[in-house]
Amino acid sequence: MACGWSKYSLGGKVFYIVAIGDGRLEELLLREESSPDCAGDDNMMKVAELARRWILEGNVSAVDIGPNATPFQRKVYEAISKIPKGSVSTYSSVAKAIGCKGSRAVGQALKKNSIPLFIPCHRVVRKDGSLGGFECGPDIKEQILRKEGIRITNGKVDPSQIIYDL
DNA sequence: GCTAATAGGCGGT
DNA sequence: ACCGCCTATTAGC
């Protein structure tokens, strides 16, 4: 399995953006260690570097959406890929945008997301501004959002930065 | 098929 | 702030 990584400093800690794939991008993860058991592959190293720059600079280049996604998950991913850097939206807003009534289902889909960071699941928060969950931990979510220019006080996002209508 | 488990939301306390 | 009940989707049985 091809693999690449890119160093990324977050809140004084060093993380590795780990890209794992097989010919095409399949998985992109944030880890506290690089994966020692898989050798660096040129292509995946580029993917990881691209991801790092995407986080730091917000430049999105089109990336394949997870190949194993269900139709519902695809709809969720497509909807949230429209959220620009510097803004966030809410689980219920995403649900409404794709014509689904249950906001929990959106969270479900994001959790299953195989390529976080590129699919900006960190930009989806609760309606009341609290952060909600994140696979790599809520503190990581907060730090990534701060890096993107989101103001967070008392654990809540500044309402003026929340897009309620997608 | 049914059941339990969610990265949510809402209304009543 | 807590609690209960609603919701949609998925994984496991």
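All values below come from the heavy atoms of this structure, side chains included, with hydrogens, waters and symmetry mates left out. Here is the naming used below: chain letters follow the sequence lines, and residue numbers restart at 1 for every chain.
As a whole-Å value, the separation of A:Lys127 NZ from B:dA7 C1' is 17 Å. For the pair A:Asp139 CG and B:dA7 C1', the computed distance is 14 Å after rounding to whole Å. What separates CG of A:Asn154 from P of C:dA1 is a distance of 10 Å, to the nearest Å. When the P atom of B:dA7 is taken as reference, atom CD1 of A:Ile80 falls 15 Å away, rounded to whole Å. Following rounding to the nearest Å, A:Phe134 (CZ) and B:dT6 (C1') show an atom-to-atom distance of 17 Å. Computed from coordinates, the A:Glu135 CD to B:dA7 P distance equals 8 Å when rounded to whole Å.
Under the side chain to side chain contact (heavy atoms under 4.5 Å, CB included) criterion, A:Lys75 pairs with A:Ile98, sequence neighbours left out. In this structure A:Arg126 satisfies the side chain to side chain contact (heavy atoms under 4.5 Å, CB included) test together with A:Tyr91, A:Asp128, A:Ser130, sequence neighbours excluded. A:Pro84 meets the side chain to side chain contact (heavy atoms under 4.5 Å, CB included) test with A:Ser87, A:Ile163; sequence neighbours excluded. Listed by chain and number, the residues in a side chain to side chain donor-acceptor pair (under 3.5 Å) with A:Gln108 are A:Lys112 (sequence neighbours excluded). For the side chain to side chain donor-acceptor pair (under 3.5 Å) test, no residue two or more places apart in sequence or in another chain qualifies with A:Ser89.
Counting only residues at least two apart or in different chains, salt bridge (Lys or Arg N to Asp or Glu O under 4.0 Å) contacts with residues 132-146 of chain A comprise A:Glu142-A:Arg146. Listed by first and then second residue, the salt bridge (Lys or Arg N to Asp or Glu O under 4.0 Å) pairs that reach into residues 89-103 of chain A are A:Lys96-A:Asp165, sequence neighbours excluded.
Looking only at distances, no side-chain donor or acceptor of A:Tyr164 sits under 3.5 Å from a matching main-chain atom of A:Ser92.
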Annotated structure of DNA chain B as dot-bracket, pair cut-off 3.5 Å, Watson-Crick or G-U only, | for inter-strand, is ||||||.||||||
When every nucleotide of nucleotides 4-9 of chain C is labelled 5' to 3' by its protein contacts under 4.0 Å (heavy atoms), B for base, S for sugar-phosphate only, - for none, what sequence of letters results? --BBBB
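OP1 or OP2 of B:dA7 has not a single side-chain nitrogen or oxygen of A:Lys141 nearer than 4.0 Å.
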